[in-house]
Amino acid sequence: MSVEVTSVSKRPERLSQTASAIQVITQDDIRRSGAASLAEALRLASNLQVAQIDSRQWAISARGFNSTAANKLLVLIDGRTVYTPLFSGVFWDVQEVPLADIDRIEVISGPGATLWGANAVNGVINVITKDAKDTQGFLLSGGGGTEQRDFGSVRYGGALGTGVRARIYGRGFGRDATAFPSGRDAADKWHLGQGGFRIDWDAASASRVTVQGDLYDGRIAQDSGGDIAVGGRYVIAKWSRTLSERSSLAAHVYYDRTHRDIPGLFREDLDTYDVDLQHRTRLGDRHDVVWGLGYRNINDRTAIGSDSTLAFLPLHVAREWFTGFVQDEIALRPNRFHLTLGTKIEHNDYTGFELQPSGRVNWRLSPSATLWAAVSRAVRAPSRIDREFFAPAKPPYFLAGGPRFHSEEELAYEVGYRRQQGSLALSVATFYSRYHGLRSLEQVNPPAPVPLVIANGQDGESYGTEVTAEYWLAHRWHVRAGYTELRVHVWPNPGSTDKSKGATESQAPDRQFLLQSWVDLPVHLGLAAWFRAIDDINNHLVPAYAELNATLTWQPTSKLDLSLVGQNLLHDQHREFAAATSPTRRDIQRGVYGAVSWRF
């Protein structure tokens, strides 16, 4: 509860005092869990719905609306937005952040659009990596096993001059294929290589500069047509300055290039340019104001083969976003009752101006207890799949994007409570969200079933409760539990021909339970266990399941770590996503791997 977070108000504040449903995954959590990828580490946040689709693909969302193309969750890595404009979601197979370099992951369930903009509808994931000064010296690590076939990395951090620290790294891995229900291996094993750097310069007592970048290249097997090729690179520059005790200024700019070639389907090359400026100031004794401006430009080029089954038309588009936000935290009763008001104004090439306001109250009942409530409006702006998607690639089309598709809208109401009493920390958040203009598939010439056009023909609602609790049973024994109860209902509007009731838009369990326990044992041993129980999805199309991960670590010296990790130990294989009738659905198998890490 005492950890500082920045994702809720874009300034440091204690977790116990935030007016939001936020959870934090720390570096220690990741290390003890034995997670092998960023997507897997996100399972540690019980306010997320996380399902593995195959060896490389994941479906991740918050508060429902999970799918292979989930589009209501904003993901940031060191301030860089990583969603694709193709479907406003994330290609999780290329978000391979070195886990040892992560400082913390802040996970917000609920709208964050006032500060972060469109697509922060049901949540925000903010991945924050370590400063270069915290990764000095050499780190060598590697290992392998059954599903995590082989992996290795090398990292070096050192001083470049007075106040300048840097690190460079390189890593690679190979992952085994998942399985068909029969037990036969699917053709989806893959490998990826990656490298990068970070430089932090404390230019003066009040100024700081950060420059960092990555590049990666990978190959993913598929059943036919040749391997999928993925690659990319990015560079980020950040600058911040403390102007006075009451004012600070920050700016960042980044360039991101991604490449994806799926033989027989499509190819994409995407360039993203982004600039943001933020200013924070205190006005008098009661107002803490933060405001900012932003600009983003994308250049998206797609290509199709002669036998392609889909296309994004036009093949080449350039799009712009202009944003501005302001938020004022008002201390109506200092140290007791705070009111936060703010709004985001955003302009995009599809729908023009969008307004996303919010209001939050934070009542500190005591030094150890906080009650909060919020009302927010958020939108999910159109993506290329909504307006410019066609299947097949040439007419006559079976499915076409809707030229009049507008933003999906959400109005969310939240109430939460946090309390820490001795060794026990408790957090509860309840919510109700109303959605308008959800994506639908409409018949062009009913009752003829085809062609279909993408439209805003559905409305919906979601409501539920998220509960987390942590308890220190002893100085060396820590237990954390999380439970989520969720309901999502989607219905067609008058005149709509979509009868799916949102089945294609939301594939999330009604309830899920997570239990984590870790204990430090004598002779430098550590044992961690991680149990999850997930309810069925879409009326048992994906059956309910329970699984267990366990990690045994040994640290014979302060510089050497050895670990043995067991994943999905309760079943030979199980499925987490996709319809039971799908002939291509994949099952996730039990896995064991060993790892060694040496610092010097």
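In what follows, every heavy atom counts, from backbone to side chain, and hydrogens, waters and symmetry copies are set aside.
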Item to complete: Could you walk me through whether Gln23 and Ser46 pass the side chain to side chain donor-acceptor pair (under 3.5 Å) test, one step at a time?
Response: CA-CA 8 Å; Gln23 297 185 26; Ser46 60; 3.2 Å; yes
Discussion item. Tell me if a side-chain donor or acceptor on Thr430 pairs with a main-chain N or O of Thr465 at a distance below 3.5 Å.
Written reply: no
Discussion item. Under 3.5 Å, is there a donor on one side chain and an acceptor on the other for Thr18 and Glu13?
Written reply: no
Worksheet item: Got a sec, which residues hit salt bridge (Lys or Arg N to Asp or Glu O under 4.0 Å) with Glu346, two or more places apart in sequence or on another chain?
Response: none
Worksheet item: Do side-chain atoms of Thr370 reach the backbone of Ser16 as a donor and acceptor pair under 3.5 angstrom?
Response: yes
Worksheet item: Quick one: side chain to side chain contact (heavy atoms under 4.5 Å, CB included) partners of Trp291, sequence neighbours excluded?
Response: His279, Leu293, Val326
Worksheet, complete the sentence: So the salt bridge (charged side-chain N to carboxylate O under 4.0 Å, His left out) pairs with at least one residue in residues 316-329 (sequence neighbours excluded) are Arg11-Glu329, Arg319-Glu388
Worksheet item: Do Asn297 and Tyr295 meet the criterion of a side-chain donor-acceptor pair at a distance under 3.5 Å?
Response: yes
Discussion item. Can you tell me how far apart CG (Asp214) and OH (Tyr234) are? Round to the nearest 0.5 Å.
Written reply: 3.5 Å
Practice prompt. Taking ring pair (Phe, Tyr, Trp, His ring centres under 6.0 Å) as the test, write out the residues that go with His436, two or more places apart.
Written response: none
Item to complete: With sequence neighbours excluded, tell me which residues meet side chain to side chain contact (heavy atoms under 4.5 Å, CB included) with Asp93.
Response: Arg56, Phe91, Trp190, Ile220, Arg260
Practice prompt. Indicate yes or no for a side-chain donor-acceptor contact from Asp256 to the backbone of Val82 under 3.5 Å, with no hydrogens or angles considered.
Written response: no
Worksheet item: Do Thr81 and Tyr254 have side chains that get closer than 4.5 Å, going by heavy atoms?
Response: yes
Item to complete: Apply side chain to side chain contact (heavy atoms under 4.5 Å, CB included) to Leu270 and list each qualifying residue two or more places apart in sequence or on a separate chain.
Response: Pro85, Thr258, Glu268, Thr272, Ile298, Asp300
Discussion item. To the closest 0.5 Å, what do you measure between OG (Ser383) and CG (Asn348)?
Written reply: 11.0 Å
Worksheet item: With a 4.5 Å limit on heavy-atom distance, are the side chains of Val127 and Asp78 in contact?
Response: no
Worksheet item: How would you list all residue pairs meeting salt bridge (charged side-chain N to carboxylate O under 4.0 Å, His left out) that involve residues 41-50, not counting sequence neighbours?
Response: Arg43-Glu576
Worksheet item: Without hydrogens or angle criteria, can the side chains of Ser496 and Asp498 be said to hold a donor-acceptor pair below 3.5 Å?
Response: no
Item to complete: For residues Val90 and Trp58, determine if any side-chain heavy atom of one lies less than 4.5 Å from a side-chain heavy atom of the other.
Response: no
Discussion item. Less than 4.5 Å apart, side chain to side chain, heavy atoms only: is that true for His338 and Gln17?
Written reply: no
Worksheet item: For Thr84, which residues count as a side-chain hydrogen bond (donor to acceptor under 3.5 Å, both in side chains) partner, sequence neighbours excluded?
Response: none
Worksheet item: Does the pair Glu410 and Ser433 meet the rule for a side chain to side chain donor-acceptor pair (under 3.5 Å), with working shown?
Response: CA-CA 7 Å; Glu410 176 198 33; Ser433 295; 3.0 Å; yes
Practice prompt. Compute whether any side-chain donor of one residue and acceptor of the other, for Thr129 and Asp101, lie under 3.5 angstrom apart.
Written response: no
Worksheet, complete the sentence: For residues 500-514, the salt bridge (charged side-chain N to carboxylate O under 4.0 Å, His left out) pairs (sequence neighbours left out) are Arg439-Glu505, Glu485-Arg511, Arg511-Asp535
Worksheet item: Residues in salt bridge (Lys or Arg N to Asp or Glu O under 4.0 Å) with Arg480, at least two apart?
Response: Asp29, Glu470
Fill in: Any residue meeting salt bridge (Lys or Arg N to Asp or Glu O under 4.0 Å) with Glu442, in chain and number order, not counting sequence neighbours
none
Discussion item. If I compare all heavy atoms of Arg387 with all of Pro403, which pair ends up nearest, and what's the gap?
Written reply: NH1-O, 3.2 Å
Item to complete: Examine Arg63 relative to Phe431 and say whether NZ or CZ is less than 6.0 Å from the centre of the six-membered ring and inside a 45° cone about the ring axis.
Response: yes
Item to complete: Quick one: closest heavy-atom pair of Leu277 and Ala251, and the distance?
Response: CD1-CB, 4.0 Å
Practice prompt. Name all residues meeting the side chain to side chain contact (heavy atoms under 4.5 Å, CB included) criterion together with Ile108; count only those two or more places apart in sequence or in a different chain, and write none if there are none.
Written response: Ser7, Val8, Ser20, Ile22, Val124
Practice prompt. Determine whether Pro509 and Gln49 make a side-chain contact, defined as any pair of heavy atoms from C-beta on separated by less than 4.5 Å.
Written response: yes
Fill in: Any donor-acceptor N/O pair, Gln27 side chain to Ile102 backbone, under 3.5 Å
yes
Worksheet, complete the sentence: Closest heavy-atom pair, Trp92 versus Ala39, reported as atoms and distance to 0.1 Å, is CE3-CB, 4.4 Å
Discussion item. Looking only at side-chain N and O atoms, does Ser9 offer a donor or acceptor that is under 3.5 Å from a partner on Gln327?
Written reply: no
